[in-house]
Number of protein chains: 2
Amino acid sequence: MRRHYATIKDIAHALNISVSTVSRALRDTYDVSADTRKLVLEMAAKLNYKPNFNATGLVKNSTHNLAVILPGITNYYFSTVFTGIQEIAYSHNYNIILYVTNDDAARELNIIRNLSFSSLDGLLVSVSSQADSCDHFQEIIDDGIPVVFFDRVAAGIRTSKVMQDDYNGAFEATTHLIANGYKKIAHIAGPEGLTFTTSRLNGYLDALRKHGMPIRKKWIIHSGFTQECGENDLEKLWKLNDKPDAVFAVNDRKAVGAIVTLKKKNIAVGKEVGVIGFTNDPMSAIISPSLSTIAEPAFEIGKKSCQLLLNHIKKKNFIPEEIILPGKLIIRESSIRS
Amino acid sequence: MRRHYATIKDIAHALNISVSTVSRALRDTYDVSADTRKLVLEMAAKLNYKPNFNATGLVKNSTHNLAVILPGITNYYFSTVFTGIQEIAYSHNYNIILYVTNDDAARELNIIRNLSFSSLDGLLVSVSSQADSCDHFQEIIDDGIPVVFFDRVAAGIRTSKVMQDDYNGAFEATTHLIANGYKKIAHIAGPEGLTFTTSRLNGYLDALRKHGMPIRKKWIIHSGFTQECGENDLEKLWKLNDKPDAVFAVNDRKAVGAIVTLKKKNIAVGKEVGVIGFTNDPMSAIISPSLSTIAEPAFEIGKKSCQLLLNHIKKKNFIPEEIILPGKLIIRESSIRS
DNA sequence: AAATTCACCGAGAACGTTACCGATTGATTT
DNA sequence: AAATCAATCGGTAACGTTCTCGGTGAATTT
């Protein structure tokens, strides 16, 4: 049986004062003497008083809850972003309600539709990769709910966004492969339609163009983000007559898939075929040969997103900001010919 | 500016009926005709009505929120457990408020103290490894809040618990090393005081005893759960005069640390020194030589914990259950002498 | 001494919803 | 024709909190 928690009324009754005074004393606002305030605080501690956020939420029309919507949490990037979000939320006394979509557009839509905005102050979201339409997000924003997108942002929606520098990261990664003497560079990309898939593809293409390298349609393969997808993509590439001699993967998990498959084919990764990824997943340091990559500022993206959302919540009519954080090239064995 | 969402009153006003009737119609309970019910539902859809959970929570003294408290989310085990929890919660229309403690006892305590149980139906927790006392959990349980522990359970507290079979997993892992001809088996363990550290230690010790293998105090090292801790532990072992010829690590991350360090020392992992871990982190398949391990049923633990909590919530005076799920030995290269 | 200010406190409404009880119908029974 | 009943609905209090406003007494000013 659930016991009854002490309320503001109980404190008032115990001290023989009014609930208004107790309320003011607890919030340390105006119109309350130091003496009574002390009494109230002591009594609150004694009765183990805990504020009822349902009640405050009702009257103030603001709870201290943020919702976070993510494709998944079982990978390095998203779990690290979440930790960053959590860090800021914790220091500002906000709670996080976490929803994972399993990268399923239908589930994402269902979650959004059932969201209770009366008990939510704002929304942080990284969209599912299969999302065909983003109207449901637009509706929420039109309703005045503060929303911040991160990493996988929805194009064409006017709100704050935080992402890594996908274009330049991809450009740098590809340039690095070129500088190391690889000449036939393939790209195993993410699902089409996602903003950052396009950005990384463009960075790759522009790097090739700048250095007059060949661009082959067949060397660009779109699929999902898993290691298995990376393995399949590489198998496809190696069925071609004109095989590439290097691979730039849209993320580390796919790059790991590529390395594993190359090793199975007894191809010397690095020496024969160069591989570079994107993320700096801890796995990239563990695998051998170790994987060169572009380190993403995942933790900072989380922190920044949450800070932005809190600003959004505090000032109504906050002007949307787009923040792009730089990545960092990390050179390991998989991209070195030596 | 945040727009005002349609309330039950708006629906009542638009249809010129009372709020009580609308409330009953929306919940599809007794005392409402099919006709008015249809009208109400249509109007609700038209006005984009969304129930205010603060209000329902106030009167019903139950929200559809569960809190999950975890040491961290950036590793395979916890993120997978969480995904399992989320799966069950989602199908029962419960929201999850996630707190990460960063394995910091002070932070854990602070989170618990600030928890608003008026907007929480129950609690799922894996305790921080530094937790010296668990009185704060006992208080909550005494207050009648349903609590389920998983993985890292607090000893001496009477409530439901879900864990993997740590003892038998450790026993099996150690026996496997013995069967493969290793004779001087060390254990790099978790922090002392944690229940499963002890269970895995006991499984290790009993396996050694059963096969008449030597037990050396110096071959048992307690420290944290990170890869770095594994590296340090191995360095300590290799400073001994009487070095072990195999290592059973309390988890895969520490085992990876051990492998990395052994490789640095040009010691052939598997052939010279055997290593086995615990978890079946995806990393264990990636590293070379690949890491033998005990696979934990992380996803099932998450699902089971959440199911148990929901049962707890539904029936008051639910009798606490302890569920132990079996692990599975996965043999890879790191423990094979061939 | 009267008027004004100040510091502090209390009463009551409001937030959106549900629960309880009573009222109103029309139909059915006696 | 009177009484009973079932079906449907409305009024009101309650949940715990905050907010607005008005009130009290004391201190200060005129």
Between S23(A) and R27(A), a side-chain donor and acceptor under 3.5 Å
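Checked: S23(A)/R27(A) side chains pair up, N/O donor to acceptor below 3.5 Å.
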
Whole Å only: how far is the [atom1] atom of [X] from the [atom2] atom of [N]?
X	N	atom1	atom2	value
N54(B)	dT18(C)	CG	P	13 Å
F53(A)	dG16(C)	CZ	P	20 Å
K9(B)	dG11(D)	NZ	P	13 Å
K60(B)	dG16(D)	NZ	C1'	18 Å
F117(A)	dG16(C)	CZ	P	17 Å
N61(B)	dT17(C)	CG	P	18 Å
I8(A)	dA14(D)	CD1	P	18 Å
K50(A)	dG16(D)	NZ	P	16 Å

Residue met sooner reading DNA chain D from 5', once T7(A) and I17(B) are mapped to nucleotides
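That would be I17(B).
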
Upstream residue (5' side of DNA chain D) when V59(B) and V19(B) are each assigned their closest nucleotide:
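Per heavy-atom nearest nucleotide, the more 5' residue is V19(B).
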
Would one find a side-chain N or O of [X] under 4.0 angstrom from OP1 or OP2 of [N]?
X	N	result
Y5(B)	dT17(C)	no
S33(B)	dC9(D)	yes
T56(B)	dG16(C)	no
R24(A)	dC8(C)	no
T21(B)	dG10(D)	yes
S20(B)	dT12(D)	no
S23(A)	dT18(D)	yes

From the list [options], which nucleotide is the closest neighbour of the side chain of [X]?
X	options	answer
V32(B)	dT17(D), dT17(C), dC9(D)	dC9(D)
N52(B)	dT17(C), dT18(D), dG10(C)	dT17(C)
L58(B)	dT17(C), dG10(C), dG16(D)	dG16(D)

Cationic N near anionic O, under 4.0 Å, K304(B) to E321(B):
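Between E321(B) and K304(B) there is no salt bridge, as every charged N stays at least 4.0 Å from the carboxylate O atoms.
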
Do K50(A) and D143(B) sit within salt-bridge range, that is, some charged N less than 4.0 Å from a carboxylate O?
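So K50(A) does not pair with D143(B) through a salt bridge.
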
Give the C-alpha distance, both sets of side-chain angles, the deciding distance and a yes or no for side-chain contact (heavy atoms from CB on, under 4.5 Å) between Y99(B) and T101(B).
CA-CA 6 Å; Y99(B) 299 93; T101(B) 64; 5.8 Å; no

Separation of L308(B) CG from K303(B) NZ (nearest 0.5 Å)
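If we round to the nearest 0.5 Å, K303(B):NZ and L308(B):CG are 14.0 Å apart.
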
